[in-house]
K.L.:
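Sharing a structure with you now.
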Amino acid sequence: MKEYLINIFTQAQDKLTYLKDVDLVFTVPAQANHGDYATNLAMILAKKLKQKPLDVAKEIIANLTTDPKVIEKIEIAGPGFINFYFNPSYNTKIINEILQHGKNFGRAAIHTGKKAMVEFVSANPTGPLTVGHGRNAVVGDTVANMLEWIGYTVDREYYFNNAGRQMRVLGDSVKLRYLELLGQSAKGGDFPEDYYQGEYIKEIAAALKKEYGDKLVNENPEGIFKQRAEKEIFADIIKTMERIGIKMKNFYNEHTLYEDGKIKSLLDEFKKENLSYEKEDAVWLKLTELGNEQDKVIVKSSGEPTYRLPDIAYHITKYERGYDLMIDLFGSDHNATYPDVLAGLRSLGYDDSKVKVLIHQFVTIMQKGEVVKMSTRKANYITLDELVDEVGSDVVRYFFNMRSITSHLNFDIELAKKQSDENPVFYLQYAHARISSILRMTNDEGLVTSAENLNLLVAKEEQNLLKKLHEFPNEIIYSAENFEAHRITTYLEELAALFHRFYTECRIIGSEKKLAEARIALCIAVQTVIRNGLSILGVNAPEKM
RNA sequence: GCGCCCAUAGCUCAAUCGGAUAGAGCAACAGCCUUCUAAGCUGUAGGUUAGUGGUUCGAGUCCACUUGGGCGUACCA
């Protein structure tokens, strides 16, 4: 429908050249009596042309060539909106299209041939993934799915650092627990407050004791203790991600940037290009010259680089690996770090518009009416695993996808458990399962699907469904280009609501055969779109509930 | 102090480059199952879009200020 409008307006550009100066935007009006699609072009152009909106609208309409089999009526309304009413039988053509493309209906080839990388989760292996990481994980994976749907070849990557201070403390923590188990707890006896407090540390220590007895008492904490902890924790993280359907293409260890000399050569390049200088034994990057607020240290006086240097080096590898689009997904606690990295890249001539940084707001966990401050080190957290145990993968994925990433979201654990039956995801899944059930029943009745008499679908409930189905491909493109998965959940909820209304009003079994078979085709089309939409979100579409 | 994000119905959230009467779900109230799944449908109620001012044909959306919250503001990541 939208394509048709864009088409006729593009044709009209030959006669009305001013139509070339504006974006051809058509929207679905909130009010049904404002037509199927509307545009405010006349009002936008009125200002530029210094004419009355109504006159501009009249002139536009006079120059449009429309097929009455497609568009029934065009009206000017309100202050200058142009409203389009489509022919009901034209609306049914979407069914043929959906049946033809099936599970690929809604895919767009607009970025075919381009490579994208989505870097997400990227939590250092110091403990299990928490509910907070869950938002990042789900959003990142869904963004990757959406990009695939508009043609990108997408790699999912997890960037981590197993060499920093956090990891040293991790090794220390495991060793101390190990010594405790052997009755050799450190002087004073208390487990230090700034060590990792979680139970998983004890479990790793216990496994080491079982395997090696007391042979490790003189081992360096950074040796087997740290290594074993990293291995176990990573295995755990991977398992958790698998439970919600996430599979990384690659895990990129920051350390490899040191091993293959990328850090050093980057440092040399900054120096050679006169982009860095030394002050107080540290190396500083001239960020003020690049338009940022202040210069920042890239190598500490201890000789150790800050995170900025490896981060820039890491992004350079992304360019070297040929990505056309690089998504970085961070929590809002990182909102101060990425401008430095982007500026660094820009200074070396990399096109930083290829890097898209998405910042999501934090998840506030409410438990028993109180805000829980999450901290991996203090072991004050609810793990993503626990959440999946409680409500299941579908609810978790849907919940994190249904909100705009800019919103701070409150997650009330008790409420989530209690209301899991009322979660909108079940509303969608129910619509899907209901259609499966209809198809089983109608099959038993000897009814088959038929796209031959679709023009019988003239009931209000049927037409509303058809118009909604038309919107799906555009919704996917819009959601993907703007990285907004919540648009898809909103769309699917509206589609499911229209289906449930159709179900209540329009019977299949018992209707005249031609009509019944056309309705079956409509059901299959709706089911296909729900299934495709849910698959982008990573949510299952059950046959039965 | 400064920077980024945010404030919409009792609760959780939508609202397509600024568009027509601000919408859903949950919670509340009143109805609908001898017929394809009632995890559903229909209806009622619920709003000064935090506040004040501005920009214009038109503002939840843009600008300024105020109030309240989140996250930053490291030679941590």
Side-chain angles (χ1 to χ4, degrees), chain A residues 22-23 25-31 33-34 38-40 43-44 46-47 52-53 77-81 83 122-124 161 164-166 254 279-284 293-294 296-308 310-311 331-337 339 359-362 364 399 402-412 415-416 419 421-424 426-427 429-431 433-442 444-445 447 471 474-475 478-479 482 484 486-487 489-490 493-494 496-497 499-501 503-511 516 519-520 523 544-545:
Chain A
V22 285
D23 289 338
V25 175
F26 301 93
T27 56
V28 178
Q31 294 284 314
N33 57 357
H34 291 146
T39 183
N40 61 350
M43 287 182 283
I44 291 171
K47 200 172 284 182
K52 288 180 186 166
F81 290 100
N83 297 338
S122 294
N124 286 340
N161 169 15
R165 189 184 53 83
Q166 287 178 355
E254 179 188 316
K279 189 177 83 178
E280 295 161 1
D281 294 329
V283 181
W284 297 68
E293 295 237 325
Q294 47 189 324
K296 294 283 176 62
V297 170
I298 51 175
V299 182
K300 301 183 233 174
S301 50
S302 65
E304 227 180 333
T306 64
Y307 70 92
R308 293 181 191 91
D311 264 16
S332 61
D333 54 337
H334 281 65
N335 77 56
T337 68
I359 303 284
H360 65 82
Q361 297 303 309
F362 271 26
T364 308
F399 189 89
M402 68 190 278
R403 271 111 169 148
S404 156
I405 62 170
T406 59
S407 79
H408 301 88
L409 75 87
N410 286 326
F411 200 121
D412 187 319
L415 208 65
Q419 292 192 345
D421 277 359
E422 317 269 353
N423 189 301
F426 294 108
Y427 186 76
Q429 292 182 319
Y430 183 59
R434 224 177 192 183
I435 294 171
S436 292
S437 173
I438 290 171
L439 297 178
R440 287 191 294 269
M441 299 292 285
T442 52
D444 292 346
E445 295 283 322
L447 293 165
E471 293 174 36
N474 288 322
E475 283 296 330
Y478 189 92
S479 304
N482 293 287
E484 290 183 342
H486 75 278
R487 304 252 330 179
T489 66
T490 305
E493 284 170 34
E494 288 166 359
F499 172 75
H500 286 306
R501 258 168 247 160
Y503 174 87
T504 307
E505 297 300 324
C506 304
R507 310 291 300 179
I508 294 173
I509 295 170
S511 293
R519 282 177 173 168
I520 292 172
C523 284
K544 281 183 184 173
M545 284 176 78

K.L.:
Looking at A20(B), does its base get a donor-acceptor pair with the side chain of N83(A) below 3.5 Å?
P.N.:
yes
K.L.:
What distance, rounded to whole Å, do you find between the two P atoms, one in G10(B) and one in G46(B)?
P.N.:
11 Å
K.L.:
Take the protein atom CD of E505(A) and the nucleotide atom C1' of C32(B), then report the distance between them rounded to whole Å.
P.N.:
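My rounded result for the distance is 11 Å.
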K.L.:
Would you mind reading off the distance between E445(A) atom CD and U35(B) atom P, rounded to a whole angstrom?
P.N.:
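Going from E445(A) (CD) to U35(B) (P), I get 14 Å.
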K.L.:
Tell me the closest heavy-atom pair linking E493(A) and P424(A), and the distance in Å.
P.N.:
OE2-CB, 3.6 Å
K.L.:
Which nucleotides of nucleotides 68-77 of chain B have their base under 4.0 Å from a protein heavy atom (B), which only their sugar-phosphate (S), and which neither (-), written as one string 5' to 3'?
P.N.:
-BSBS--BSB
K.L.:
Roughly how many Å apart are A27(B) and A74(B), using the P atom of each and rounding to a whole number?
P.N.:
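Those two atoms are separated by 47 Å.
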K.L.:
Measure the distance from NE2 on H360(A) to C1' on C4(B) and round it to the nearest whole Å.
P.N.:
15 Å
K.L.:
When you measure from the side chain of R434(A), which nucleotide among G19(B), C36(B), G40(B) comes out closest?
P.N.:
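Nearest listed nucleotide: G40(B).
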K.L.:
Calculate the interatomic distance between H486(A) atom NE2 and A24(B) atom C1'; express it in whole Å.
P.N.:
13 Å
K.L.:
If we take the P atom in both C29(B) and A22(B), what is their distance in whole Å?
P.N.:
27 Å
K.L.:
Using a 4.0 Å heavy-atom cut-off across all strands, classify A433(A) as base, sugar-phosphate, or nothing.
P.N.:
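Counting heavy atoms under 4.0 Å across all strands, the contact made by A433(A) includes a base.
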K.L.:
Please state the C1' separation for the pair A59(B) and G43(B) - nearest whole angstrom.
P.N.:
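The same atom, C1', in both gives a distance of 33 Å.
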K.L.:
Counting only side-chain nitrogens and oxygens, does S407(A) get under 4.0 Å of the OP1 or OP2 atom of A14(B)?
P.N.:
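True: S407(A) side-chain N/O within range (under 4.0 Å) of A14(B) OP1/OP2.
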K.L.:
Going by 5.5 Å between centroids and 30° between planes, is there a stack of F81(A) over A20(B)?
P.N.:
yes
K.L.:
Can you check whether Y427(A) has a side-chain N or O nearer than 4.0 Å to OP1 or OP2 of U37(B)?
P.N.:
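Answer no for this pair, as no side-chain N or O of Y427(A) is under 4.0 Å from OP1 or OP2.
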K.L.:
Does the Lys NZ or Arg CZ of R434(A) fall within the cation-pi geometry relative to F499(A) - under 6.0 Å from the ring centre and within 45° of the axis?
P.N.:
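No, a cation-pi geometry is absent between R434(A) and F499(A).
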K.L.:
Can you see if the side chain of Y503(A) gets near the phosphate of A38(B) - specifically, an N or O under 4.0 Å from OP1 or OP2?
P.N.:
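It does, given that an N or O in the side chain of Y503(A) lies less than 4.0 Å from OP1 or OP2 of A38(B).
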K.L.:
Take atom C1' in C62(B) and the same atom in C17(B), then report the distance between them in whole Å.
P.N.:
12 Å
K.L.:
Could you give the CG-to-C1' distance, from N33(A) to A20(B), as a whole number of Å?
P.N.:
9 Å
K.L.:
Which nucleotide wins on minimum distance to the side chain of I438(A), given the candidates C36(B), A39(B), G58(B)?
P.N.:
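Among the listed nucleotides, the one closest to the side chain of I438(A) is C36(B).
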K.L.:
With Watson-Crick and G-U wobble geometry limited to distances under 3.5 Å, how should the secondary structure of RNA chain B be encoded in dot-bracket form, using | for bases paired to another strand and [ ] for crossing pairs?
P.N.:
(((((((..((((.....[...)))).(((((.......))))).....(((((..]....))))))))))))....
K.L.:
How should the glycosidic conformation of C41(B) be described, syn or anti, under the criterion that syn lies within 90° of 0?
P.N.:
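Base orientation: anti.
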